[in-house]
Number of protein chains: 2
Amino acid sequence: MKYYSISEAAAKFDIPESTIRYYEKKGLLPLIERDAAGRRLFSEDSMTLLKVVIYLKNTHMPIKKIKQYVDWVVEGDHTTQLRLDMMKEHKKAVLAEISLMETSLHEIDLKIARYTNRIQAEKQKNNGKEEAR
Amino acid sequence: MKYYSISEAAAKFDIPESTIRYYEKKGLLPLIERDAAGRRLFSEDSMTLLKVVIYLKNTHMPIKKIKQYVDWVVEGDHTTQLRLDMMKEHKKAVLAEISLMETSLHEIDLKIARYTNRIQAEKQKNNGKEEAR
DNA sequence: ATACGACTTAAACCATGGTTTAAGTCAACA
DNA sequence: TGTTGACTTAAACCATGGTTTAAGTCGTAT
């Protein structure tokens, strides 16, 4: 099985190494192995967990909550129901946030339409001037 | 024309008064009138601008950029093109963010499915035990 | 007249999520 | 053997986006 260095892991997920170290310090990446010199070795499992952390972060789950989730993963199968409930709740929150963004985006679209019209009208006016010359 | 007090404005948009004061201090709410006692009076125009600020905030535009936008609004019609460009660019960023959230949400859905299956399987096992009694 | 509630300000405080720095260790290559 | 590059740590630092506090001013109802 392949192991990844921190620079490889950082490259693979396109995030800074410092962020990975920060996540580990916050308890989001438990069980990371080390080589004889103390350097991190990311197993496939560690990479998978990091990927999950990044998905949760992308959907704006706070770090403390991600930590709770990771703790449950480490605890094992008897926490499956807790994790399921958390993921379902999180999904709801994400859908609500997307919905809010889409509503707001609709208002922004109206602004774009109004500004576009205004600029068109301005162009017409200038054409008029030109033709009158 | 109706004027709104800060408490009315806060209630109308369901945000704390302190946030409105903070936005004003950051330059996001220029031209707010005051009564003889120095209290803020929000005109319809001010309320509309506040609404726009909230939409931009909902779509994660940073305060400094919202301030640039508001400055252009105050400057008048000759900034229409600048505002249009900004809104178009912002729309792109918002769509990208929504897209990232949706991709991540899909992974979360996979987790939900796996946890649901695991719990179903666990139930089956327990039923088996019961029937064997 | 006074007391209450709504408002004002400036400044301090806070949480979140990292990023940067400084000092050091180690492996490998010239 | 020494120097270079990749790594390590703890701690300091930073930006963002507010929230809270303290002290004071008004308008109004009793």
> Does B/R21 put a side-chain nitrogen or oxygen below 4.0 Å from OP1 or OP2 of C/dA11?
Replying inline: no
> Base, sugar-phosphate, or nothing: which does B/R40 touch, judged by heavy atoms less than 4.0 Å apart?
Replying inline: sugar-phosphate
> How close or far is atom P of D/dT19 from atom CD1 of B/I6, stated in whole angstroms?
Replying inline: 12 Å
> Counting side-chain heavy atoms from C-beta on, which of D/dG27, D/dG17, C/dT19 comes nearest to B/A37?
Replying inline: D/dG27
>> Check this for me, if you would: do A/E24 and A/R40 make a salt bridge, where the nitrogen-to-carboxylate-oxygen distance has to be below 4.0 angstrom?
In response: yes
> Regarding B/K2 and the six-membered ring of B/Y4, is the cationic atom NZ or CZ under 6.0 Å from the ring centre and inside 45° of its axis?
Replying inline: yes
>> Using a 4.0 Å heavy-atom cut-off, does A/K26 contact any base of the nucleic acid, only the sugar-phosphate backbone, or nothing at all?
In response: nothing
> Closest to the B/R34 side chain: C/dG17, C/dT8, D/dC26?
Replying inline: C/dT8
>> What's the closest nucleotide to the side chain of B/I63 if the choices are D/dG18, C/dT19, D/dT20?
In response: D/dG18
>> Looking at A/I15, is its backbone amide N or carbonyl O close enough to the side chain of A/T19 to form a donor-acceptor pair, meaning the two atoms are under 3.5 Å apart?
In response: no
>> Under 6.0 Å between ring centres: does that hold for B/H90 and B/H60?
In response: no
> Out of C/dC7, D/dC26, D/dT8, which has the shortest distance to the side chain of B/E17?
Replying inline: C/dC7
> Using 4.0 Å as the upper bound for N to carboxylate O, is an ion pair formed by A/R21 and A/E17?
Replying inline: yes
>> Can you measure B/I20 atom CD1 to C/dC7 atom P for me and round it to whole angstrom units?
In response: 10 Å
> Which whole-number value in Å describes the distance from A/L29 CG to C/dG17 P?
Replying inline: 15 Å
>> At 4.0 Å (heavy atoms only), tell me whether A/T19 reaches a base, stays on the sugar-phosphate, or touches nothing.
In response: sugar-phosphate
> Between B/P16 and B/K64, which is nearer to the 5' end of DNA chain D once each is assigned its nearest nucleotide?
Replying inline: B/K64
> What is the distance, rounded to the nearest whole Å, between atom CG of A/D35 and atom P of C/dT25?
Replying inline: 16 Å
> Quick one: A/Y3 OH to D/dA6 C1', roughly how many Å, whole number?
Replying inline: 20 Å
> Does a side chain donor of either A/D85 or A/Q81 reach within less than 3.5 Å of an acceptor in the other side chain?
Replying inline: yes
> Roughly, in whole Å, what's the span from CD in B/E24 to C1' in C/dT9?
Replying inline: 11 Å
> Should A/Y23 be listed as having a side-chain N or O under 4.0 Å from OP1 or OP2 of C/dG17?
Replying inline: no
> Where the side chain of B/R39 is concerned, which of C/dC7, D/dC26, D/dG18 is the nearest nucleotide?
Replying inline: C/dC7
> Rounded to whole angstrom units, what separation is found between the NZ atom of A/K67 and the P atom of C/dT16?
Replying inline: 15 Å
> On DNA chain C, nearest-nucleotide positions of B/S5 versus B/K25: which is more 5'?
Replying inline: B/S5
> Counting side-chain heavy atoms from CB outward, which of C/dA27, C/dT16, D/dG17 is closest to B/Y22?
Replying inline: D/dG17
> If you pin B/A36 and B/K57 to their nearest nucleotides in DNA chain D, which one's is more 5'?
Replying inline: B/K57
> Nearest-Å distance, CG (A/L41) to P (D/dA6)?
Replying inline: 17 Å
